Amino acid sequence: MTPSVPFPGRAPRIRRNDYAVLDVPAPGQWEPHLSVSVVIPARNCQEKLDLTLAALAGQSYPDHLMEVIVVDDGSGPPLRVPPIAPSRTRLVPARPGGWGIAWALETGTAVAEGDVIHRVDADIVPYRVHVETHMRWHHLADYLVVLGTLRFADVADGLPSPSDVRSAVEARNADALFDLPSSAAHDWWEELVDEHDGFRTAPSSVLHRVHVGATASLPAELLRAAGGLDTSLVLAEDTELGYRLTQAGAVFVPDRAARSWHLGTPTAMRRGDEVRRYNSPFVADRIPYRRFLRVEGGRQWLVPYVEVLVDASAAGYESVAGTVDAALVSTLPDVQVTVTGPWDALDDGRRAPLDDPLLDLRLVRGRYAHDGRVGFAASAPATAAPAPFRLVCPPGWGVAADTLDRLIKHAEERDLGLLCVALDEDADGVLCARLERTSSVARAARLVKDGEHLDDVIHETFGVEWLDGETWGFTRLDPADRPPRSSRNTEAAHWKALAVQRKIDGGRLKSRVAALEKEVARLRKEAAKGTADTARWRAKAEQWRVEAVRLRRERDLTVVRRAIRKARRLLRDRAEPPAT
């Protein structure tokens, strides 16, 4: 048997999503010790649920380490635990106050006792080593999200019996339960995994897309760290959770050895366009990576793309305001600013307004108290979650309108965890701004050891790069400078009007180009005709030349023949004597 923890005494450090560093054992060739809670959200599906539980009863993972929790989401009649089910199966009703898959899963995970939460849908028939295949990964690292594979079975002719399912699963013959040629693969999922070399090279912004809830497992602690399920969602809850798990530093492992049958095709396959239309506003609000869904200007979103952190605890009002204002006029539409400081020290008691020792703090709060894009905090949280990026900018420094956009694009192109932007240097060291990738900071915080610097772990797991501030649009602000009399609204109106004018000009140019193309086509046609005429006349000229040569030759031959005949006559006349 291989050790249950192949990395004794240290946590494995996975770079980005390249889980190949883990030496995963084959099923049956290792000794498990972690417990797992299989949570099944279910509603009005007793017949299919019976098959799911029958297949779970035939799993290779030790029975004493596996519990199954079926959450009944308001079925009528209520669901029941069938005779063929794992020994530690219990049925709980969804707690009052909500409904839907996310709500049911939250109910189940709240009472789960396992080290690992394994979600399985109520229309899944897992193969014998399905749970074991998931669990072997979780024994190697505590920040993995493992995904199984699906095959969509055609069940139009009916379902097998629970006893047949259990027998086939235990005999490792689950392939025979349904007709393989008429089944369908999970095509888009398989293509996504293959496109990124088994998902090992998948960039951070893509990771959440592979998180399909039909069969997914993760440590219970990691689920809590990510914030659990978003119970306000009734669809796309798995995709949204995958996004927040990314920000928690998770590594996603799609394992094709964790096979299962899906009984029939899901709604997302039968009514794909309708599902995407329904999900788009909710996904756009919660997942900043979906940039194509955030194209409208002047919008605020539930989850920003980047948080800008400015410390006001020891800085003057003008310096803080200049930094905050510069960040808020970014070309990115989804920026949020958090200003840190001792805000609890501000009270409404009687004071001398102009001699208030906390005057600058009070002015900062007064300036942004009612701006929905600006928040206040006593100190900076460990990460910017759920935002995927955070810029830590010293007060008194401003950024150009496109600085944030450029920095994030640079980080995304290289999938870097941290960009350090050098601003100034003095006897105390280098003053810098920091663009932090939330997932890299969360991963590093999980792996860092005592005495080790967090940035060193970020460099090891994602990569760190140093940049020059001036090149990237950072400038030192002068509090004495009066800002231009402008605003984001007037600037937007100006650029919108300019864009409209450019569109009109572009239309005119397009019409002119079309006219020129038409004229060029006509000239080309005439030129082609001229070329054809030239070729024709050239051919005729050649014919005439050949004819002229022929005639000239015939004429010359005629003259020669005449000369010869004349010469012959003369010779004949000379040779014959004159008549007497």
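Starting from 1, each residue takes its place in the sequence as its number. What's counted below: heavy atoms across the whole structure, side chains too, no hydrogens, waters or symmetry copies. Note that this is a predicted model, so its numbers are computed, not measured.
Every residue was checked against the ring pair (Phe, Tyr, Trp, His ring centres under 6.0 Å) condition with Tyr368, not counting sequence neighbours, and none meets it. Evaluation of the side chain to side chain donor-acceptor pair (under 3.5 Å) rule for Ser439 yields no partner, not counting sequence neighbours.
Without hydrogens or angle criteria, Arg119 side chain to Gly213 main chain gives a donor-acceptor distance under 3.5 Å. Between the Glu195 side chain and the Leu192 main chain, no donor and acceptor come within less than 3.5 Å of each other. Using a distance-only test at 3.5 Å, with no hydrogens or angles considered, no donor-acceptor pair links the side chain of Asp121 to the main chain of Asp123. With hydrogens and angles disregarded, a donor-acceptor distance shorter than 3.5 Å links the side chain of Thr323 to the backbone of Gly396. Arg291 places a side-chain N or O within 3.5 Å of a backbone atom of Pro288 that can act as its donor or acceptor partner. In this structure, the side chain of Thr246 engages the main chain of Gly242 through a donor-acceptor pair within 3.5 Å. Although no hydrogens or angles enter the test, the distance criterion places a donor-acceptor pair under 3.5 Å between the side chain of Ser280 and the main chain of Arg277. The backbone N or O of Thr149 lies less than 3.5 Å from a partner atom in the side chain of Ser260, making a donor-acceptor pair.
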Worked check of side-chain contact (heavy atoms from CB on, under 4.5 Å) between Val324 and Val320: CA-CA 6 Å; Val324 173; Val320 174; 4.1 Å; yes
Mind running side-chain hydrogen bond (donor to acceptor under 3.5 Å, both in side chains) on Glu465 and His410 for me, showing each step along the way? CA-CA 10 Å; Glu465 185 174 330; His410 184 77; 3.0 Å; yes
May I have the step-by-step check of side-chain contact (heavy atoms from CB on, under 4.5 Å) for Ile287 and Thr239, ending in yes or no? CA-CA 9 Å; Ile287 303 180; Thr239 302; 3.8 Å; yes
Checking side-chain contact (heavy atoms from CB on, under 4.5 Å) for the pair Ile14/Leu144: CA distance, chi angles, key distance, verdict? CA-CA 10 Å; Ile14 299 173; Leu144 305 182; 3.8 Å; yes
Go through Leu147 and Val253 one step at a time and tell me if the side-chain contact (heavy atoms from CB on, under 4.5 Å) criterion holds. CA-CA 6 Å; Leu147 296 311; Val253 181; over 6 Å; no
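Ring pair Phe199/Phe252: centre-to-centre distance not below 6.0 Å. For Trp397 and Phe474, the distance between ring centers is not under 6.0 angstrom.
Around CD of Glu470, the count of heavy atoms belonging to other residues, nucleotides or ligands within 6.0 Å does not exceed 12. Atom CZ of Arg95 is surrounded by more than 12 heavy atoms from other residues, nucleotides or ligands within 6.0 Å. Residue Arg270 places its CZ atom among more than 12 non-hydrogen atoms of other residues, nucleotides or ligands, all under 6.0 Å distant.
Side-chain contact, His196 with Arg200: no donor N or O sits under 3.5 Å from an acceptor N or O. No hydrogens or angles considered: nothing links the side chains of Arg443 and Thr383 as a donor-acceptor pair under 3.5 Å. There is a side-chain donor-acceptor pair under 3.5 Å between His138 and Ser217. Under the 3.5 Å distance criterion, with hydrogens and angles disregarded, no donor-acceptor pair is assigned to the side chains of Arg244 and His211. Inspection of the Ser204 and Asp415 side chains reveals an N or O donor paired with an N or O acceptor under 3.5 Å. Side-chain atoms of Asp73 and Trp99 form no donor-acceptor pair, as typed in the model, at a separation below 3.5 Å.
Salt bridge Arg512/Glu517: absent, no basic N to carboxylate O contact under 4.0 Å. Under a 4.0 Å N-O distance rule, the pair Asp18/Arg16 does not qualify as a salt bridge. A salt bridge links Asp455 with Arg434; the closest basic N to acidic carboxylate O contact falls under 4.0 Å.
Under a cutoff of 6.0 Å and an axis angle of 45°, Arg406 and Trp472 form a cation-pi pair.
Ring geometry, Trp189 versus His186: the interplanar angle falls under 30°, so the pair is classed parallel (tilted spans 30 to 60°). Between Tyr305 and Phe389, the angle of the ring planes goes over 60°, which puts this pair in the perpendicular group of the 30/60° scheme.
When Gln247, Arg290, Glu240 are each tested for a side-chain hydrogen bond (donor to acceptor under 3.5 Å, both in side chains) with His208, only one passes: Arg290.
Residue pairs meeting the side chain to side chain donor-acceptor pair (under 3.5 Å) criterion with at least one partner in residues 306-320, sequence neighbours excluded, are Glu307-Thr338, Glu307-Arg390, Asp311-Ser313, Asp311-Thr340, Tyr317-Arg367.
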